[in-house]
**Student:** 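Okay, handing you the structure first.
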Amino acid sequence: MSQLNKSSRPKRIFIQEVVTRDGFQAERVFIPTEEKIALINRLGRAGYAKIEVSSFTSPKAIPMLADAQAVMLGIERVPGVEYTALIPNLKGAERAIEVDVDEFNLVMSVSEMHNQANLKMSREDSFKALSQVIDLAHANQTATNISLSTSFGCPMSGITPLADLMYWIDRFANTGVRGISICDTTGMGNPAQVQRVCEAAQSKYPELQWTVHFHNTRGMGLANALAALNTGIDRYDSSLGGLGGCPYAPGATGNICTEELVHMFDLMGLDTHMNIDALLECAQDLQKLIGRTLPSQLLMAGKVDRLHTLPYQR
Ligand code: COA
Ligand code: ZN
């Protein structure tokens with residue numbers, strides 16, 4: 001790995017919450033609409049730049065998020081927070097326009113096999129369909145972001161060559177999207193690869209809004225975030241408590257954990273704008289809501305400033 005250039009580290013970091021989309025989509029027991037709304041309202045006041053509210057996919061494919069419209073209509077829109085949603089096709093875009101979603105987060109996979117599994121079509125067909133969605137969004141003055149799943153690796157076809165990723169980045173950059181998310185859907189990326197990918201992407205298209213989306217499937221999540229930071233990436237998707245996982249990716253586990261990411265960046269002196277204590281309270285309550293322990297190590301250990309009494313005092 002070449003020498004990391006600390007001077008390219010951004011000072012202001014934009015945290016983008018995905019728990020009510022990426023997190024909830026893999027949950028088995030339906031989470032009531034009012035609980036989703038209540039959580040998003042609390043998160044809206046915790047300092048996020050963006051919250052991915054839900055997903056306008058087919059209710060048959062992801063029943064958990066069938067209430068996307070009701071959730072969008074029910075939440076309080078905190079000024080300064082962007083409320084985005086995942087949009088897989090034109091039908092989803094039309095439903096999202098009806099409820100005034102701030103940003104369309106489109107999705108396709110760099111891996112042909114994963115695209116077939118997730119979206120039931122070829123990448124070319126996805127690109128054609130998403131180009132129509134982008135035109136519709138722009139005609140409606142809605143911002144667009146494309147999330148490129150399996151940017152680092154695919155559980156069916158292996159490590160993703162950088163040239164394949166750059167090919168799809170080029171295609172979408174030419175459609176006029178505002179941003180691109182480089183997604184490590186099943187936690188296959190490593191810090192050296194992250195550095196190469198982030199440098200290549202940003203140097204070719206410095207004007208695009210770049211996001212990294214890491215999953216902690218193999219324990220490399222925060223290391224990857226740090227590698228991205230050192231190349232100048234300032235936008236991070238993360239999930240409260242580390243909840244999450246793609247239902248179409250075998251062995252997938254949660255996103256990097258928001259409170260762990262914010263805790264780390266705050267300790268490094270970066271400006272996340274986040275209220276870490278509010279996050280920890282939300283994560284505690286999320287454990288109660290889903291009825292099990294979340295993978296967040298910070299929830300277990302507490303922040304570094306949590307002091308203990310001497311353990312063996314008598
Ligand atoms: N919103 C609501 N309904 C939708 C829809 C959408 N965005 N897209 C399709 N549908 C409905 C159709 O109207 C049709 O309904 P019908 O059976 O009552 O006529 C049905 O779903 C099937 O439509 P079709 O166009 O054949 O879609 P499909 O079954 O090939 O599904 C996707 C395509 C992409 C919409 C679907 O596979 C999907 O939503 N997958 C989930 C992707 C995802 O979110 N993955 C995880 C995150 S990365
Ligand atoms: Zn994800």
Side-chain angles (χ1 to χ4, degrees), residues 16-27 50 52-72 84-99 101 104-111 113-123 125-130 132-133 136-137 145-156 180-189 211-218 220-221 224-225 235-258 261 295:
Q16 308 181 159
E17 181 58 56
V18 301
V19 69
T20 53
R21 198 279 298 170
D22 215 346
F24 284 1
Q25 75 184 4
E27 285 299 302
K50 226 184 247 188
E52 191 167 43
V53 172
S54 190
S55 164
F56 289 81
T57 50
S58 151
K60 280 181 203 143
I62 310 214
M64 171 64 87
L65 303 180
D67 58 0
Q69 279 199 324
V71 175
M72 271 312 301
T84 186
L86 195 95
I87 312 286
N89 59 14
L90 211 47
K91 175 138 193 193
E94 284 158 0
R95 288 171 59 215
I97 283 176
E98 284 170 15
V99 292
V101 171
F104 285 2
N105 183 20
L106 314 175
V107 62
M108 77 165 259
S109 304
V110 178
S111 145
M113 284 172 90
H114 190 262
N115 207 66
Q116 292 282 1
N118 192 28
L119 300 168
K120 301 181 177 62
M121 61 180 101
S122 69
R123 291 171 299 180
D125 285 345
S126 272
F127 182 79
K128 274 191 216 126
L130 293 179
Q132 291 179 329
V133 177
L136 177 68
N145 184 78
I146 170 78
S147 280
L148 293 173
S149 300
T150 64
S151 284
F152 297 90
C154 161
M156 278 87 70
I180 299 183
S181 300
I182 312 172
C183 304
D184 192 12
T185 314
T186 59
M188 291 176 69
T211 293
V212 284
H213 176 110
F214 295 123
H215 282 252
N216 198 33
T217 320
R218 293 173 176 81
M220 291 186 277
N224 286 341
R235 288 187 177 267
Y236 296 81
D237 280 354
S238 59
S239 177
L240 190 70
L243 189 71
C246 175
Y248 299 94
T253 51
N255 300 74
I256 54 171
C257 165
T258 306
L261 182 74

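All residue numbers in this chain count up from 1 along the given sequence. Atom set for the values below is all heavy atoms of this structure, side chains included, hydrogens, waters and symmetry mates excluded. For ligands, and for the atoms within them, numbers begin at 1 and follow the listed sequence.
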**Student:** With the side chain counted from C-beta on, respond yes when M156 and H114 share a heavy-atom pair under 4.5 Å apart, and no when they do not.
**Tutor:** yes
**Student:** Would you mind telling me if ligand 1 is within reach of the side chain of S58, the backbone, both or neither, using heavy atoms under 4.0 Å?
**Tutor:**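 Both backbone and side chain.
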**Student:** Any atoms of ligand 1 less than 4.0 Å from a non-hydrogen atom of K60? List them with their elements.
**Tutor:**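 Under 4.0 Å from K60, ligand 1 has these atoms: 15 (O), 16 (P), 17 (O), 18 (O).
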**Student:** Please examine the side chains of H213 and D22, heavy atoms only from C-beta on, and report whether any two atoms are closer than 4.5 Å.
**Tutor:**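 Result yes, sub-4.5 Å side-chain heavy-atom pair found.
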**Student:** Select the closest option to atom 33 (C) of ligand 1 among T57, N115, L119, judged by heavy-atom distance.
**Tutor:** L119
**Student:** Looking only at N, O or S atoms, find the one in D22 nearest to the Zn ion (ligand 2) and name it.
**Tutor:**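 This residue's closest N, O or S atom turns out to be OD2.
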**Student:** Report the member of N118, N89, T185 with the shortest heavy-atom distance to atom 7 (N) of ligand 1.
**Tutor:**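 It is N89 whose heavy atom sits nearest to atom 7 (N) of ligand 1.
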**Student:** Any idea which heavy atoms bring S238 and E17 closest together, and the distance?
**Tutor:** O-OE2, 3.2 Å
**Student:** Per the side-chain contact (heavy atoms from CB on, under 4.5 Å) rule, which among E94, E98, M72, K91 passes with F56?
**Tutor:** M72
**Student:** Using a heavy-atom cut-off of under 4.0 Å, does the side chain or the backbone of I62 touch ligand 1, or both, or neither?
**Tutor:** side chain
**Student:** Quick check on contacts: which atoms of ligand 1 are under 4.0 angstrom from a heavy atom of K120?
**Tutor:** 30 (O), 37 (O)
**Student:** Keeping T186 on the side-chain end and C154 on the backbone end, is there a donor-acceptor pair under 3.5 Å?
**Tutor:**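 Side chain of T186 to backbone of C154, a donor-acceptor pair under 3.5 Å: no, none is there.
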**Student:** Would you say P59 contacts ligand 1, with heavy atoms under 4.0 Å as the rule?
**Tutor:**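 P59 counts as a contact of ligand 1 under the 4.0 Å cut-off.
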**Student:** Please tell me whether N145 and S181 have a donor and an acceptor in their side chains that are separated by less than 3.5 angstrom.
**Tutor:**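 A donor-acceptor contact under 3.5 Å links the two side chains.
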**Student:** Taking non-hydrogen atoms only, is L86 closer than 4.0 angstrom to ligand 1 via side chain, backbone, both or neither?
**Tutor:**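 It is the side chain that touches ligand 1; the backbone stays farther off.
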**Student:** State, to the nearest 10 degrees, the angle whose vertex is the Zn ion (ligand 2) and whose arms point to NE2 of H213 and NE2 of H215.
**Tutor:**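 It rounds to 100°.
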**Student:** Could you check which of R21, M121, Q69, K91 puts a non-hydrogen atom nearest to atom 13 (O) of ligand 1?
**Tutor:** K91
**Student:** Does some side-chain heavy atom of D184 sit less than 4.5 Å from a side-chain heavy atom of N224?
**Tutor:** yes
**Student:** N/O/S atom of D237 under 2.8 Å from the Zn ion (ligand 2), yes or no?
**Tutor:**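 False for D237.
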**Student:** Any idea which heavy atoms bring N115 and S109 closest together, and the distance?
**Tutor:** OD1-N, 2.9 Å
